[in-house]
Amino acid sequence: MEGVACASFTSSASKSLSFSSLSQSSVITPRQNYHNNTLKSKSPRKLVIRASSGSSSGTSFHEFGDSSSSSSPSAILRKNGFLLGSVVTLLDYGAGNVRSVRNAIRYLGYEIEDVRTPKDILNADRLIFPGVGAFASAMDVLTKTGMAEALCTYIENDRPFLGICLGLQLLFESSEENGPVNGLGLIPGVVGRFNSLNGFRVPHIGWNALQIAKDSEILDDIGDRHVYFVHSYRAMPSNDNKEWVSSTCNYGDDFVASIRRGNVHAVQFHPEKSGDVGLSVLRRFLNPKSQGSKKPTQGKASKLAKRVIACLDVRTNDKGDLVVTKGDQYDVREQTKENEVRNLGKPVELAGQYYKDGADEVSFLNITGFRDFPLGDLPMLQVLRHTSENVFVPLTVGGGIRDFTDANGRYYSSLEVASEYFRSGADKISIGSDAVYAAEEYIKTKEKTGKSSLEQISKVYGNQAVVVSIDPRRVYVQGPNDVQFKTIRVPKPGPNGEEYAWYQCTVNGGREGRSIGAYELAKVVEELGAGEILLNCIDCDGQGKGFDVDLIKLISDAVSIPVIASSGAGAVEHFSEVFMKTNASAALAAGIFHRKEVPIQSVKAHLLKEGIEVRI
């Protein structure tokens, strides 16, 4: 995942690397020397393949590279050139959610050694680099710590390597992200931003198809199925790098989805977030001779799929237990004498079930977070940690992500709050009320302060990690000039015969209306750094009569970032309707899944029947 800059924080692994905030002067550009040698655009570093992973000669990897690697504690057993040990080395330099990669590795039965020094890279038997954050920031950290040269040596000696997302991009000569910025220079090519002018939404978020170009080994079990991407920048295939490219993906243009040369692999997608398909990729890398536990399901992936997302509204009930609930127009209490919080199950168990049922993402919304201190909400953090151990699709968490001062006067920035969520297993965070306040301030001053939670978090983690949740209600008016906000002509007149309506944004769980429309808010938060919009509708919430298609079309046509349709789903037909009539990239539902009224697989079967591509 790409970001814009990186602030000081530590990764979830207590012994892994960390890095501090970077000044503009610390960014490496093509005008600066990289390890005292300027990288020439046409002179990438040469990789000498000394022993491919397919070799049966019984040659040990230690015959190549640093002889000190023979003392590596992870050198447990070798046979026919393949490492059969149970330890993999992880390069985690502290820039985001690497917990999911750790969990996937452990799920497959392997232990992890963290890189602490360049020597740890040279001594590694198998190295995984799940790159996250910004290209320039990552290169700065790698260079200053001596990791860049060690990585180049390791890869040039054809040692088993798997780069993920930014871990692929850094292998190229340079990137345009906040640049130009030099990369490791191992593969010819420049990493550039997707072009949103051709109608494709940026970031590229979701499940897309691969076109496999050559024997890739680690992709053998994919079987024409979708894998999960989330990025704004990509490398393009060319004649200069075609010997490296093992697969491409189409999103406006064909871009490099994976590379392979000898024992060196890298993927632009996230295997740790691609379900069973992604686990097969990791398994193939960790043990190239392994076979999947079951024959891979053959899919029909051809393009970016529409996503079906399961949402879990989480809060403590009156007994203090953390439960999944569901509101009726945001009211989560039963209409009984006891007036108890509606209890629809336990969060971790339900999330695990939805993963098995085929949910493309799972979203947790802490619906009392606006009034509680998020970092004091240990049960919610534990829910994330436990869920991420067995759920290998993207996890989003929202509720109360903002600046906060606790009872002792200790100030916590929204970035600190978000960082804890990321370290606990979240892939994306959702901001609600705080984004409304930031947008109101921006409209008033016309200036970006960089201090809002939206700006801070997107700057460090990238806009693809930030979702803005909009909670509007429909307000009827007689004509479009009655208000200063964007209106629509309604298909059915309002209670007093009104022919128009605007969508008023609310805060604090829908309790307070604000003087800003959903259209205006969506445009501003995109400008401030949001990568995705979760579009709710108070009027439709819990009604089961379908999504507010008028609202979703209004917003999805207004922005170039992905929009998630939410509120109102009651039947499979409602999902096909919203995808056919609007530009929504995903549709989210809660109650119909919790109550087992409409199974996720039924939704996907219906969408396939209607000719809408989904992940199966």
Side-chain angles (χ1 to χ4, degrees), residues 42 44-49 51-55 128-129 131 155-156 158 160-175 183-192 194-195 200 204 206-231 233-271 273-275 277-285 288 290 292 296-305 613 615:
K42 294 300 182 179
R45 297 179 66 126
K46 300 297 183 182
L47 172 71
V48 179
I49 302 179
S52 79
S53 59
S55 170
I128 294 181
F129 181 21
I155 293 171
E156 285 170 340
D158 193 31
F161 172 84
L162 175 62
I164 298 174
C165 198
L166 188 60
L168 175 144
Q169 294 180 10
L170 291 168
L171 302 180
F172 285 81
E173 293 172 289
S174 65
S175 173
L184 295 175
L186 293 164
I187 304 177
V190 176
V191 177
F194 282 109
N195 181 6
F200 287 83
H204 173 216
W207 300 78
N208 211 333
L210 301 180
Q211 291 81 46
I212 296 177
K214 69 176 183 180
D215 176 26
S216 57
E217 189 176 86
I218 65 172
L219 306 182
D220 286 353
D221 292 333
I222 286 186
D224 293 324
R225 294 164 72 192
H226 295 89
V227 291
Y228 183 76
F229 291 88
V230 52
H231 57 126
Y233 291 80
R234 80 284 186 260
M236 302 294 285
S238 68
N239 288 332
D240 291 333
N241 60 35
K242 64 182 179 181
E243 64 180 10
W244 284 89
V245 178
S246 56
S247 72
T248 59
C249 177
N250 186 273
Y251 192 65
D253 296 299
D254 288 341
F255 65 88
V256 177
S258 68
I259 63 95
R260 186 231 175 150
R261 192 167 176 182
N263 294 306
V264 177
H265 304 265
V267 294
Q268 180 63 67
F269 60 89
H270 285 266
K273 288 297 169 185
S274 296
V277 175
L279 292 176
S280 76
V281 172
L282 290 172
R283 185 184 295 110
R284 284 280 190 175
F285 171 73
S290 70
T297 303
Q298 290 298 312
K300 297 180 180 179
S302 64
K303 60 182 179 180
L304 184 67
E613 181 138 350
R615 177 183 73 106

| query | Sequence neighbours excluded, which residues qualify as ring pair (Phe, Tyr, Trp, His ring centres under 6.0 Å) partners of Phe269? | reply |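 With sequence neighbours excluded, Phe269 shows a ring pair (Phe, Tyr, Trp, His ring centres under 6.0 Å) to Phe229, given in chain and number order.
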Point-to-point distance, once rounded to the nearest 0.5 Å, from [atom1] of [X] to [atom2] of [Y]:
{"X": "Leu304", "Y": "Asn208", "atom1": "CG", "atom2": "CG", "value": "5.0 Å"}
{"X": "Gln211", "Y": "Ser302", "atom1": "CD", "atom2": "OG", "value": "9.0 Å"}
{"X": "Lys300", "Y": "His226", "atom1": "NZ", "atom2": "NE2", "value": "12.0 Å"}
{"X": "Cys249", "Y": "Leu210", "atom1": "SG", "atom2": "CG", "value": "6.5 Å"}
{"X": "Ser216", "Y": "Ile222", "atom1": "OG", "atom2": "CD1", "value": "7.0 Å"}
{"X": "Leu171", "Y": "Phe161", "atom1": "CG", "atom2": "CZ", "value": "5.0 Å"}

| Would you say the side-chain atoms of Arg615 pair up with the backbone N or O of Ala305, donor to acceptor, closer than 3.5 Å? | no
| task | Indicate yes or no for a side-chain donor-acceptor contact from Arg260 to the backbone of Gly262 under 3.5 Å, with no hydrogens or angles considered. | result | yes
| request: Locate the shortest heavy-atom distance separating Gly189 from Glu173; write the atom from each residue and the value. | output: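 Looking at all heavy atoms of both residues, the closest pair is N-OE1, 2.6 Å.
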| Minimal non-hydrogen separation, Arg284 against Glu217, with atom names | CD-O, 3.8 Å
| query | Given the rule in the side chain to side chain contact (heavy atoms under 4.5 Å, CB included) test, do Glu156 and Leu186 qualify, once you have shown the distances and angles that lead to the verdict? | reply | CA-CA 8 Å; Glu156 285 170 340; Leu186 293 164; 4.0 Å; yes
| note | Val245 meets the side-chain contact (heavy atoms from CB on, under 4.5 Å) criterion, sequence neighbours left out, with Pro237, Asn241, Thr248, Val256
| task | Apply side-chain contact (heavy atoms from CB on, under 4.5 Å) to Ser280 and list each qualifying residue two or more places apart in sequence or on a separate chain. | result | Asp221, Arg283
| message | One pair to check against ring pair (Phe, Tyr, Trp, His ring centres under 6.0 Å): Phe194 and Tyr251. What are the steps and the verdict? | response | CA-CA 8 Å; Phe194 282 109; Tyr251 192 65; 5.4 Å; yes
| message | Tell me whether Lys214 at atom NZ has more than 12 heavy atoms from other residues, nucleotides or ligands lying less than 6.0 Å away. | response |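 Atom NZ in Lys214 is packed in, count exceeds 12.
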Qualifying residues under side chain to side chain donor-acceptor pair (under 3.5 Å), relative to [X], sequence neighbours excluded:
{"X": "Asp254", "value": "Asn250"}
{"X": "Asp253", "value": "none"}
{"X": "Ser247", "value": "Ser258"}
{"X": "Glu243", "value": "Arg261"}

| Residue from Val264, Asn263, Ile218 passing side-chain contact (heavy atoms from CB on, under 4.5 Å) with Leu162 |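 Only one option passes, and that is Ile218.
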| said: Test side chain to side chain contact (heavy atoms under 4.5 Å, CB included) on Phe255 and His231; report intermediate values, then the result. | reply: CA-CA 12 Å; Phe255 65 88; His231 57 126; 3.7 Å; yes
| task | Determine, stepwise, if the pair Phe285 / Ile128 fulfils side chain to side chain contact (heavy atoms under 4.5 Å, CB included). | result | CA-CA 9 Å; Phe285 171 73; Ile128 294 181; 3.7 Å; yes
| said: Less than 4.5 Å apart, side chain to side chain, heavy atoms only: is that true for Trp207 and Ser274? | reply: yes
